[in-house]
Amino acid sequence: MPSALYLAPAAGGKTAYLVTRARALAQGLRVTPRIVVPTQLQARAWKQRLAEAGGAMGVRVGTFDTLYRDILDATGETIIHLSEPVQYRLLRTIIANTDLSHYASLRAMPGFVQAVQTLIQELKAGGIEPEAFATAVASMGNEPRLAELARLYFVYQNQLQAHNWADSSGTGWLAAESLARHHAVGRDWPALFVDGFDDLTTVQQRVLQELAPRVGEFIITLTGAPGVQARELVHKRFSRTQQSLENDLGLHPKPLPNNTGPTQAPELAHLASTFLANAETVSLPAGKALTLIAAADREGEVRAALRWLKQRCVHDGLRLGEVALLARNCTPYRPFILQIAAEFGMPVHVVAGLPLRQNPAVTALLDLLRLILPEAPL
């Protein structure tokens with residue numbers, strides 16, 4: 001089966017189609033389909049859907065990190081992977097030993113180390129090498145704030161290369177380079193499915209560009225509809241990703257074949273098709289499918305949402321395990337969720353976990369270290 005880029009609306013059956021396809025391929029126990037999803041949380045959800053559909057042996061579900069490791073294992077290239085805590089310690093040491101003037105006052109601040117770590121991850125995800133970043137900074141007049149960041153990136157990357165180390169972002173970089181050198185890798189892979197993404201980094205697309213013509217069956221799913229141009233602000237990210245895949249991988253979008261997956265509630269489908277539209281549209285009553293609440297701040301948003309959820313449990317007979325509070329970025333809402341849920345007597349489970357500093361044992365240990373090392377930045 002040739003490579004394919006399938007488009008369907010949100011909740012339009014994309015994952016259901018791939019689950020069915022993966023089970024069909026794995027029936028004979030001789031084929032190992034590889035499924036790539038954005039996060040470990042989505043990988044768990046994918047495995048759960050696979051199990052609910054009847055299960056299958058040999059289906060490998062993971063993130064791009066899993067794919068990168070498979071590629072490097074297949075090429076026989078050995079690297080030492082740096083975990084994020086070790087990467088943080090390395091950056092902290094580099095910052096402490098690098099001559100800085102603009103950021104001198106921030107040298108010992110944990111937040112500055114994290115900001116540099118995030119910047120390096122973004123640069124590597126975009127496939128931008130230290131020399132290219134330094135050249136771009138020089139073309140802007142070598143501003144101290146940018147020149148010092150370029151210097152830190154250069155020193156950090158040199159340290160990794162000198163010891164054959166790789167961080168999470170660099171692993172993808174190395175996987176892409178390995179694929180370019182080893183043209184046989186991936187040719188014995190029967191299927192590679194990429195599901196659940198709304199955006200792909202430059203390095204991720206580079207890896208897929210190498211693998212697409214090699215694997216037996218290559219499928220990417222995206223939210224959208226063939227021939228329909230995304231409106232301003234609506235599905236704009238999907239549209240950019242679709243255009244990039246068309247240009248880099250030569251894929252032409254198609255509708256999902258034999259789409260018998262779940263359909264949206266009519267009210268939500270209408271909202272998805274008209275939300276933020278510039279043109280006037282015919283209104284459709286939302287009924288019980290949608291409730292719009294205006295709140296003054298995040299605390300008000302969380303309080304209204306949790307009150308609504310508790311009403312559903314008390315009046316509609318739902319169990320707490322059957323309701324969920326979703327946010328695109330839960331971090332700024334987390335303190336309000338924990339506090340207000342306690343007020344309402346609603347036990348909550350934060351799927352993304354809690355910051356390590358909020359663990360009582362860690363807090364006690366840090367307090368003890370502050371007594372011993374009062375000047376240390378903890």
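Owing to the predicted nature of the structure, the values given are computational and were not obtained by experimental measurement.
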What verdict does the side chain to side chain contact (heavy atoms under 4.5 Å, CB included) test give for Leu211 and Leu67, after you've listed the backbone C-alpha separation in whole Å, the side-chain angles of each residue and the deciding distance to 0.1 Å? CA-CA 11 Å; Leu211 286 175; Leu67 181 65; 4.1 Å; yes
With rounding to the nearest 0.5 angstrom, report the CZ to CD distance, Arg303 to Glu301. 13.0 Å
Could you check whether any side-chain N or O of Glu148 sits under 3.5 Å from a backbone N or O of Leu100, counting only pairs where one atom can act as donor and the other as acceptor? no
Contact summary for Ala150 and Val137, nearest pair of heavy atoms: CB-CG2, 4.3 Å
For Leu25 and Pro33, which heavy atoms make the closest approach, and how far apart are they? CB-CG, 3.9 Å
Do Ile71 and Glu210 have side-chain heavy atoms sitting under 4.5 Å apart? no
So how far is it from Thr66 OG1 to Arg60 CZ, rounded to the nearest 0.5 Å? 6.5 Å
Glu322 side chain reached by Arg312 side chain, heavy atoms, under 4.5 Å: no
Taking atom CG as the centre, does Asp367 end up with more than 12 heavy-atom neighbours from other residues, nucleotides or ligands that are less than 6.0 angstrom away? yes
Does a donor on one side chain and an acceptor on the other come within less than 3.5 Å for Glu246 and Gln242? yes
Quick check on side chain to side chain contact (heavy atoms under 4.5 Å, CB included): which of Asp195, Leu200, Asp199 does Phe197 satisfy it with? Leu200
Okay, side chain of Thr63, backbone of Gln40: is any donor-acceptor separation there less than 3.5 Å? no
Sequence neighbours excluded, every pair satisfying ring-ring contact (aromatic ring centres under 6.0 Å, His included) that has a member inside residues 129-171: His163-Trp165
Please confirm whether the backbone N or O of Phe344 pairs with a side-chain atom of Lys310, one donor and one acceptor, at under 3.5 Å? yes
Gap between atom CZ of Arg69 and atom CD1 of Ile79 - 0.5 Å precision: 10.0 Å
What I'd like to find out is whether the side chain of Leu208 reaches to under 4.5 Å of the side chain of Leu192, using heavy atoms alone. yes
Ser244 side chain to Arg240 main-chain N or O, any donor-acceptor pair under 3.5 Å? no
Minimum heavy-atom separation for Leu325 to Ala305, with atom names? CD1-CB, 3.6 Å
If two hydrophobic side chains count as joined below 4.5 Å and joins carry through other members, does Leu72 share a cluster with Val203? no
Glu177 side, atom CD; Glu77 side, atom CD - distance, nearest 0.5 Å: 9.0 Å
Output all residues satisfying side chain to side chain contact (heavy atoms under 4.5 Å, CB included) with Asn97, sequence neighbours left out; order by chain, then residue number. Thr93
With sequence neighbours excluded, tell me which residues meet ring-ring contact (aromatic ring centres under 6.0 Å, His included) with Phe336. none
Enter the distance from Trp308:CH2 to Cys313:SG here, rounded to the nearest 0.5 Å. 9.5 Å
Count the heavy atoms of every other residue, nucleotide or ligand shown that sit under 6.0 Å from CZ of Arg187, and state whether that count exceeds 12. yes
Contact check, side chains of Phe218 and Val194, non-hydrogen atoms, under 4.5 Å: yes
Examine Leu249 and Phe64 and state if one hydrophobic cluster contains both, with Ile, Leu, Val, Met, Phe, Trp and Tyr joined whenever side-chain heavy atoms are less than 4.5 Å apart. yes
Pairs involving residues 72-110, ordered by first then second residue, that meet ring-ring contact (aromatic ring centres under 6.0 Å, His included) (sequence neighbours left out): Tyr103-Phe112
Within the distance-only criterion (no hydrogens, no angle test), does the side chain of His315 pair as donor or acceptor with the backbone N or O of Gln311 below 3.5 angstrom? no
Below 4.5 Å, heavy atoms only, C-beta onward: do Thr98 and Leu152 meet side chain to side chain? yes
Less than 4.5 Å apart, any side-chain heavy atom of Arg214 and any of Leu179? yes
Under a 4.5 Å side-chain heavy-atom rule over Ile, Leu, Val, Met, Phe, Trp and Tyr, are Ile80 and Leu90 clustered together? yes
Is the backbone of Leu318 close enough, under 3.5 Å, to the side chain of Asp316 for a donor and an acceptor to pair up by distance? no
Same cluster (ILVMFWY, side-chain, under 4.5 Å), Met140 and Leu149: yes
Can you tell which of Leu106, Leu91, Ile94 makes a side chain to side chain contact (heavy atoms under 4.5 Å, CB included) with Val116? Leu91
Would you list the pairs meeting ring-ring contact (aromatic ring centres under 6.0 Å, His included) in which at least one residue belongs to residues 19-52, sequence neighbours left out? none
Distance, nearest 0.5 Å, that separates CD1 of Ile120 from CD1 of Ile128: 12.5 Å
Going through the checks in order, is the side chain to side chain donor-acceptor pair (under 3.5 Å) test met by Gln209 and Gln205? CA-CA 6 Å; Gln209 189 174 7; Gln205 288 195 196; over 6 Å; no
Here the pair of heavy atoms bringing Gly58 nearest to Thr32 is O-CG2, 2.8 Å
Could you see if Leu174 belongs to whatever hydrophobic cluster contains Val185? Use Ile, Leu, Val, Met, Phe, Trp, Tyr and a side-chain cutoff under 4.5 Å. no
Within 6.0 Å of CZ in Arg181, more than 12 heavy atoms from elsewhere: yes
So do Thr201 and Ser169 actually touch side chain to side chain, heavy atoms under 4.5 Å? no
Whether Arg23 side chain and Leu50 backbone form a donor-acceptor pair below 3.5 Å: no
Any idea which heavy atoms bring Ser3 and Ala212 closest together, and the distance? OG-O, 3.5 Å
With sequence neighbours left out, what residues match Asn247 under side-chain hydrogen bond (donor to acceptor under 3.5 Å, both in side chains)? Gln243
I'd like to check Lys124 versus Asp167 (side-chain heavy atoms, cut-off strictly below 4.5 Å). Are they in contact? yes
